[in-house]
Each structure stands twice: as structure tokens, then as C-alpha cells.
Amino acid sequence: MIHIPDANFIISALIKRGKVLELFEWNDIKKELTFVAPEYLSSQIKQNFPMIKAKSKLSESELIELLNKIELQIDFVPLSKFKSFIPKALEISPPDDFPYVALALFLESEGHSVRVLSNDKPLLKSLSKIEIKGITMHDLLRELKLV
Amino acid sequence: MVELIINLSEDLKEKMQELPEVDWNMVVSAFIREKILEWARLRSIAGRSELTEEDALELGRLVNKGLAKKYKESVSLK
């Protein structure tokens with residue numbers, strides 16, 4: 001099973017005593033989960049560093065240290081690999097989430113079982129309508145028996 | 001001291017045998033210590049964060065918007 005973490009999920013790793021960071025720590029040792037994300041997600045998160053810095057009150061070097069460690073566990077797939085799935089994703093996906101949907105469609109076409117990982121419940125609800133599986137962090141932790 | 005038993009692939013075992021001068025006990029011990037310290041440091045950094053779940057949702061949506069724009073530009077679907 002491949003998990004596609006969305007921006008919300010990755011940013012949630014920066015929350016004080018948050019479970020997402022714990023999950024990445026657990027997986028750094030266990031290597032049980034495979035994380036795959038669309039190209040440019042990392043650079044887009046970094047583009048929003050000023051606001052993340054302002055809200056978290058962490059320094060840029062601390063944010064970089066945390067995110068770099070998390071991103072080591074994520075395989076960023078180049079757009080060129082799943083570009084052909086963009087038109088379909090644009091048709092069926094919530095407007096701002098089509099890169100995740102296109103990547104999910106590509107991975108499914110390769111025979112993988114895929115889930116989008118997000119705490120954004122409206123997003124997960126929209127995905128369920130187009131038969132893309134999604135899961136919240138809490139449900140994933142429950143599934144892994146970590147809570 | 002405690003004893004740790006680990007399972008290794010044959011391939012890895014062969015590669016280790018090619019380096020008989022290495023003290024693998026020290027290597028494994030240092031690796032474990034480093035991992036523990038590294039994650040303790042990351043937990044300590046995150047422990048000072050004032051980011052909330054609501055902030056993460058808001059920022060996540062902002063990033064998704066930027067990502068979608070970048071993709072539309074990249075595939076000329078503006």
C-alpha cells in the first residue's frame with residue numbers, strides 16, 4: 001500500500017506533540033509505510049515558509065531540519081511520469097487537489113494500491129466520491145495499532 | 001550491557017565479511033544512539049512549535065492551491 005501525504009499532512013508534523021511526527025519517527029525505524037508525493041510539493045511548502053514560521057514561531061533552520069528529515073521518507077514523483085493523468089484528474093478532482101489525484105491514478109494504473117493521507121476531512125470526502133481512497137492520520141494510527 | 005540480535009540478508013553479511021577490520025558492534029551501537037538523539041532533537045524542536053491543527057489545515061490548503069497553479073503552468077492548462 002502506497003500513501004500519498006498531502007501538504008496538510010506534512011505540515012502537521014510541525015505541530016507540538018503532534019502524532020504525525022511520531023508516525024514518521026516510528027516509520028524511520030520500522031520502514032513499514034511507503035510515502036510518495038507529487039513533484040513540487042516540497043518546494044511549494046518551502047515557498048510558504050514565511051507564514052509557517054510566523055504561525056509556528058520556529059526558525060527557518062528548525063523548519064528545514066524537521067521537513068528535511070520527514071522528506072527523506074517521501075519519494076517525490078516527477079510530473080513527467082504522471083502528466084498523462086492530469087486531464088482526467090482535473091475533470092474529477094476538487095480543483096486544488098488534482099496533482100494528488102493524478103498521482104494516485106498513475107500509481108493505480110501501475111497496479112499499486114494507493115491512499116491519500118490527509119487530515120483535511122472535506123478533501124477526503126471529495127476523494128471518496130471519485131473512488132480515490134483516503135485516510136486520516138488518526139485512522140492510520142489506529143490501523144497500525146499505534147493509538 | 002544487553003545483547004541485540006539482528007537479522008541480516010546474505011548479501012549484507014557477505015559485504016560485512018569483506019570488511020573484517022570494522023567493529024560492527026560499535027557501528028550498530030553508534031547508529032542506534034544517533035537515531036535516538038536525532039529524533040529527540042526533532043521532537044524537542046517541534047515541542048516549541050505553536051502551530052495548531054487549524055493552522056496546518058489552512059497552510060495545507062494554501063500549499064495545495066500553489067501546487068495546483070504550478071501544475072497548471074507546467075502542463076500549459078492555465
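Proteins get letters first, then strands, A, B, ... in listed order; numbering begins at 1 in each.
Looking at A:Pro122, only its side chain comes within 4.5 Å of chain B, counting heavy atoms on both sides. In this structure, chain B has a heavy atom under 4.5 Å from the side chain of A:Tyr100, while its backbone stays farther away. Using a 4.5 Å cut-off between heavy atoms, A:Lys69 touches chain B through its side chain atoms alone. The parts of A:Ile45 that come within reach of chain B are both its backbone and its side chain, each placing non-hydrogen atoms under 4.5 angstrom from that chain. If you measure heavy-atom distances from A:Ile29 to chain B, the contacts under 4.5 Å come from the side chain alone. Contact annotation for A:Asp97: only side-chain heavy atoms (C-beta onward) come within less than 4.5 Å of a heavy atom of chain B.
Chain A is approached within less than 4.5 Å, heavy atom to heavy atom, by B:Lys35, B:Glu38, B:Trp39, B:Arg41, B:Leu42, B:Arg43, B:Ile45, B:Ala46, B:Gly47, B:Arg48, B:Ser49, B:Glu50, B:Leu51 from residues 14-51 of chain B, ordered by number. Contact residues of residues 56-65 of chain B toward chain A are B:Ala56, B:Leu57, B:Glu58, B:Leu59, B:Gly60, B:Arg61, B:Leu62, B:Val63, B:Asn64, B:Lys65 (heavy-atom distance under 4.5 Å).
Contact tally against chain B (heavy-atom pairs below 4.5 Å) for A:Glu25, A:Glu22, A:Lys16: the top residue is A:Glu25. With chain B as partner, the option from A:Ile11, A:Asp6, A:Ile52 having the largest number of non-hydrogen pairs under 4.5 angstrom is A:Ile11. Most heavy-atom pairs under 4.5 Å with chain B: of the set A:Leu63, A:Asn48, A:Leu123, this distinction falls to A:Asn48. Of all the listed residues (A:Ala13, A:Gly18, A:Pro38), the one sharing the greatest number of non-hydrogen pairs under 4.5 Å with chain B is A:Pro38.
The distance from atom CG of B:Asp55 to atom CG of A:Leu14, rounded to the nearest 0.5 Å, is 10.5 Å. With rounding to the nearest 0.5 Å, the separation of CG in A:Leu41 from OH in B:Tyr71 is 8.0 Å. Note that the CG atom of A:Asp120 and the CD atom of B:Glu53 stand 12.0 Å from one another [nearest 0.5 Å]. Note: A:Ile15 CD1 to B:Glu54 CD = 8.0 Å, rounded to the nearest 0.5 Å.
Following chains of ILVMFWY side-chain contacts shorter than 4.5 Å, one cannot reach A:Met1 starting from A:Leu105, and the two form parts of different hydrophobic clusters. In this structure, B:Ile6 is a member of the same hydrophobic cluster as B:Leu12, with clusters built from ILVMFWY side-chain heavy atoms closer than 4.5 Å.
Here the shortest heavy-atom pairing between A:Pro99 and B:Ala68 reads CG-CA, 4.2 Å.
Looking only at distances, no side-chain donor or acceptor of A:Tyr40 sits under 3.5 Å from a matching main-chain atom of B:Gly66.
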